[in-house]
Protein chains: 2
Amino acid sequence: MVTTPRNTRQRRAVAAILEDLDGFASAQEIHDLLRHRGESVGLSTVYRNLQALSDSAEIDALRNDDGETLYRQCSTGHHHHLVCRACGRTVEVAGPTVERWADAIAAEHGFVDVAHTLEIFGTCGDCTP
Amino acid sequence: MVTTPRNTRQRRAVAAILEDLDGFASAQEIHDLLRHRGESVGLSTVYRNLQALSDSAEIDALRNDDGETLYRQCSTGHHHHLVCRACGRTVEVAGPTVERWADAIAAEHGFVDVAHTLEIFGTCGDCTP
DNA sequence: CCGCGGATGGGAACCATTGTCAAATTGATG
DNA sequence: CATCAATTTGACAATGGTTCCCATCCGCGG
């Protein structure tokens, strides 16, 4: 039986933060932001909700170089990210060609259940004086 | 002043393992393999040497879904990986089109100093009964 | 308004990785 | 071959992000 998630204050608070954020943020950053808003939520709960949202594909997750998982609310549908190293500003990009290329390569080598990760990092105009 | 790395038994042992390995392996796996060979090397040392090799671009490193860093000796030059989730078997793939696409997208949005990560994961033929 | 079961939270537990530092090893030199 | 400085090693502690645990809380259907 499928369990329906409950509409708790904490879940709403986490969702609200994600609405307002522009770029990617770590669970801990989100936890701090909530605290500053006075909408304090337990760290475990922040992690749980972010993971749940990520699992249900409502938000995107990626790992940065430091091994932290970053979250962001994105448009639906498959896409990739162009992320500014300095300020975290993110541009969503679609790359139909890349998707097809990746799948073709994998099939060619007899791989199934194929997924891929693709992120582009750079320094955005605002951060390059 | 640039310090020249020394030729120690441990460094040689780690390099030798990487020669023999086909796919990506974690630091801990490599540590275990060394132990089984009777060429025991301290875990810290394995980490240090892998990092050094990775820094000098002699081996490739990537992070898997569990957040572990995996290492593998690869051909030189820019390339990406098609990795089997189950056994770690790896196929190196070049994607000139993708490189150009990524750079173009980034330039289009005013990003400079651009880099990208791209890995394809799947289950290889041998691991799909 | 009740009661059930999912949700919460605070701290402990995990675990890959990095730091610490005395002791061992290397490579150059005499 | 002996000496010596500098690098490297390794056992263990420490770190830090994330997950687990579990008593308590509370959303929600009846």
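Every chain is numbered from 1 and lettered A, B, ... according to where its sequence line falls, protein lines coming before strand lines.
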Worksheet, complete the sentence: Between B:G122 and A:F111, the two heavy atoms sitting closest are C-CD2, 3.8 Å
Worksheet item: What's the spacing between B:T117 OG1 and A:E119 CD if we round to 0.5 Å?
Response: 5.5 Å
Whole angstrom is fine here: how far is it from [atom1] in [X] over to [atom2] in [N]?
X: A:R12; N: D:dG27; atom1: CZ; atom2: P; value: 8 Å
X: B:D32; N: C:dA16; atom1: CG; atom2: C1'; value: 13 Å
X: A:L50; N: C:dA7; atom1: CG; atom2: P; value: 15 Å
X: B:E68; N: D:dT19; atom1: CD; atom2: P; value: 14 Å
X: A:H31; N: D:dT19; atom1: NE2; atom2: C1'; value: 15 Å
X: B:R11; N: D:dT7; atom1: CZ; atom2: P; value: 13 Å
X: B:N7; N: D:dT8; atom1: CG; atom2: P; value: 11 Å

Kindly indicate whether the side chain of [X] and the base of [N] share any N or O donor-acceptor pair separated by less than 3.5 Å?
X: B:R6; N: C:dT25; answer: yes
X: B:S44; N: C:dG19; answer: yes
X: B:R48; N: C:dG19; answer: no

Would you please say whether a donor-acceptor pair under 3.5 Å links the side chains of [X] and [Y]?
X: B:S26; Y: B:Q28; result: no
X: A:E99; Y: A:H79; result: no
X: A:H78; Y: A:H116; result: yes

Discussion item. Would you say that A:L62 contacts A:T69 through its side chain, given a criterion of any heavy-atom pair below 4.5 Å between the two side chains?
Written reply: no
Worksheet item: By a strict heavy-atom criterion of less than 4.0 Å, which residues belonging to residues 51-63 of chain B are in contact with DNA chain C?
Response: B:Q51
Heavy atoms under 4.0 Å, any strand shown: does [X] hit a base, just sugar-phosphate, or nothing?
X: A:N64; answer: nothing
X: B:S26; answer: nothing
X: B:T8; answer: sugar-phosphate

Discussion item. Return whichever of B:G42 or A:P5 has its heavy-atom-nearest nucleotide of DNA chain D closer to the 5' end.
Written reply: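 Whichever sits nearer the 5' end wins; that is B:G42.
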Discussion item. D:dT9, OP1 or OP2 - any side-chain N/O from B:N49 closer than 4.0 Å?
Written reply: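 Yes, B:N49 has a side-chain N/O under 4.0 Å of OP1/OP2 on D:dT9.
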Worksheet item: Of the nucleotides D:dT8, D:dT18, D:dG27, which has the atom closest to the A:Q28 side chain?
Response: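 Output: D:dT18.
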Discussion item. Quick check for you: among C:dT8, C:dT17, D:dT19, whose closest atom lies nearest to any side-chain atom of A:Y47?
Written reply: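 Per side-chain heavy atoms of A:Y47, the pick is D:dT19.
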Item to complete: Tell me which of B:D66 and A:V41 sits closer to the 5' end of DNA chain C, going by the nucleotide each one is nearest to.
Response: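 Closer to the 5' end of DNA chain C: A:V41.
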Discussion item. Determine whether a donor-acceptor pair (N or O, by modelled atom type, separation under 3.5 Å) exists between the side chain of A:T45 and the backbone of A:V41.
Written reply: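 The answer is no, because no donor-acceptor pair under 3.5 Å joins these two groups.
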